[in-house]
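Data first, discussion second: the structure below is written as structure tokens.
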There are 2 protein chains.
Amino acid sequence: MTKKSNSEIAYQKLKDQILENELAAGYQATEEDVARQLGMSRTPTHEALVRLQSEGLVEIRPRHGMRVLPVSIDDMREIYEILTSLESLAAGEIARKGLPEADLQALSDAVSDMDTALQADDLVAWAAADKRFHGLLVSCHGNTRVQTLVNNFMDQSHRCRMLTLKLRPRPDKSNADHAAVLDAIRRGDAEAARKIHHQHREKSAALLIELLETLGLKQL
Amino acid sequence: MTKKSNSEIAYQKLKDQILENELAAGYQATEEDVARQLGMSRTPTHEALVRLQSEGLVEIRPRHGMRVLPVSIDDMREIYEILTSLESLAAGEIARKGLPEADLQALSDAVSDMDTALQADDLVAWAAADKRFHGLLVSCHGNTRVQTLVNNFMDQSHRCRMLTLKLRPRPDKSNADHAAVLDAIRRGDAEAARKIHHQHREKSAALLIELLETLGLKQL
DNA sequence: TCAATAGTTAATGTATACGTTAATTCATAC
DNA sequence: GTATGAATTAACGTATACATTAACTATTGA
């Protein structure tokens, strides 16, 4: 098998640490420090940081080191606006063209898993299944660029979703929405699939942002 | 003033050369060759290539050198689907919230310039004004991520648009569409702005793709 | 006390040497 | 003639030394 390069390792480790909040937003360090922490030289470290910067997770400020970017409420507004637009595009299109049974089954499984998780009050599992559903939606659509973008914005907003997960009301309505989207897809009703998913994402966004505002969390 | 780094210079030069088709799609070279051509070492060259890869303009194939990515018909389908979605989002939103007179004027100027260019049969000037209109639409909306994405996808499809510019019918209808979008924005009719722009982009895409298919241009 | 400036320094940008890897070539056996 | 595998080699990955730059600091003059 082909060996992973150090820069790839650096990229994945750093990304993991950022998404899991082990490297908190606002964390700042020089490239050399990061390199030392990773046990490699600055060269592959720098390359990883450049990639993470292009994904909006860190910022490289010449002479000040890299900084893990916090996510503001406005960032979340931007991100959710895009997720809403692209995902509902995907939902509509897959309803229009129809989906092989295997894909429908995968979507259906994700919805079931969300229900199961919710009944068990396992919010982390619920979030994972929810994420899977959204990921399937765009991967079934087949536009690879949409897929990449949605994955990227899900990453950018991951920490925020995880943080608010336990602070928000139980997402029962969310599960119902997903089931309704899936139903519209099965019926081949593109307009309904698009609209329902659109409203679903808008509601999620509004909820999240209101929560952040209520809690006075400007940055996280 | 703060001096530009070599990697920045490399990035811009390479990007220019690719967009202007001086480095044709399919062009392949080792990092060392590219570096020599740019008059610098591999380090900044590599960094520039990584950036260009993240923007979808080149591909880095270990042990084979970098390659200027051709754009296929399917790529154009993907790109225009996203542009359609994000730009009509922007059109709708700016109609909804209203725009300061200066912004309206800038949009109006772009429309006028398109008309003038078309009357003078100056297709290159027309394309520039058209691009400006689309750019203004998203910059007025204010979602910086949408702006970045739209700019990036406009870049990815730039060569293709330039190539087909002289092969397509005169874009009279296109100008009328833009005027109609602007009118809807002025009236504050979000739904109309969104819909008209959506149809406009879908028509452009269909035209472009049909043209590519007719000409049998699978890659460019 | 404040502002301007020159010197200091920390951090990154860059070049380069070297190690590593995988594509290719060539020899050999069948 | 073909398939296998070892040797070759071209290209990149990595570490590191050095150059460069802009932030910082301390000094000086007002």
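So that the names make sense, note that chain A is the first sequence line, chain B the second, and so on, each numbered from 1.
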(request) Decide yes or no, distance alone: a donor-acceptor N/O pair under 3.5 angstrom between the base of D:dA22 and the side-chain of A:Arg63. (result) no

(request) Tell me which of A:Pro44 and B:Met66 sits closer to the 5' end of DNA chain D, going by the nucleotide each one is nearest to. (result) B:Met66

(message) Closest-nucleotide mapping onto DNA chain D: is B:Thr30 or A:Gly39 further toward the 5' terminus? I mean the 5' end.
(response) B:Thr30

(request) Using atom types as modelled and distance alone, determine if a side-chain donor or acceptor of A:Glu47 lies under 3.5 Å from a backbone N or O of A:Ser7. (result) no

(message) Between P on D:dT20 and CE on B:Met40, what's the gap in Å once rounded to a whole number?
(response) 15 Å

(message) Expressed as a whole number of angstroms, how long is the span from A:His64:NE2 to C:dT12:P?
(response) 10 Å

(message) Could you tell me how far apart A:Glu32 (CD) and D:dA17 (C1') are, to the nearest whole angstrom?
(response) 12 Å

(request) Return the value, rounded to whole Å, for the distance between atom CD of A:Gln28 and atom C1' of C:dA10. (result) 14 Å

(request) Round to the nearest Å and state the distance from B:Ile60 atom CD1 to C:dT21 atom P. (result) 19 Å

(message) Take a 6.0 Å sphere around CD of A:Glu32 and say whether it holds more than 12 heavy atoms from other residues, nucleotides or ligands.
(response) no

(request) Return the value, rounded to whole Å, for the distance between atom CD of A:Glu31 and atom P of C:dT14. (result) 12 Å

(request) Would you mind reading off the distance between B:Glu59 atom CD and D:dC12 atom P, rounded to a whole angstrom? (result) 13 Å

(message) What is the separation between atom CG on B:Asp33 and atom P on D:dA11, rounded to the nearest whole Å?
(response) 8 Å

(message) Under 4.0 Å, heavy atoms only, any strand: does A:Thr43 hit a base, just the sugar-phosphate, or nothing?
(response) base

(request) Take atom CD of B:Glu202 as the centre, draw a 6.0 Å sphere, and report whether it contains more than 12 heavy atoms from other residues, nucleotides or ligands. (result) yes

(message) Taking the nucleotide of DNA chain C with the nearest heavy atom to each, does B:Arg42 or B:Glu47 sit closer to the 5' end?
(response) B:Glu47

(message) As a test of understanding, state which of B:Val34, B:Val50, B:Thr45 forms a side chain to side chain contact (heavy atoms under 4.5 Å, CB included) with B:Met66.
(response) B:Val34

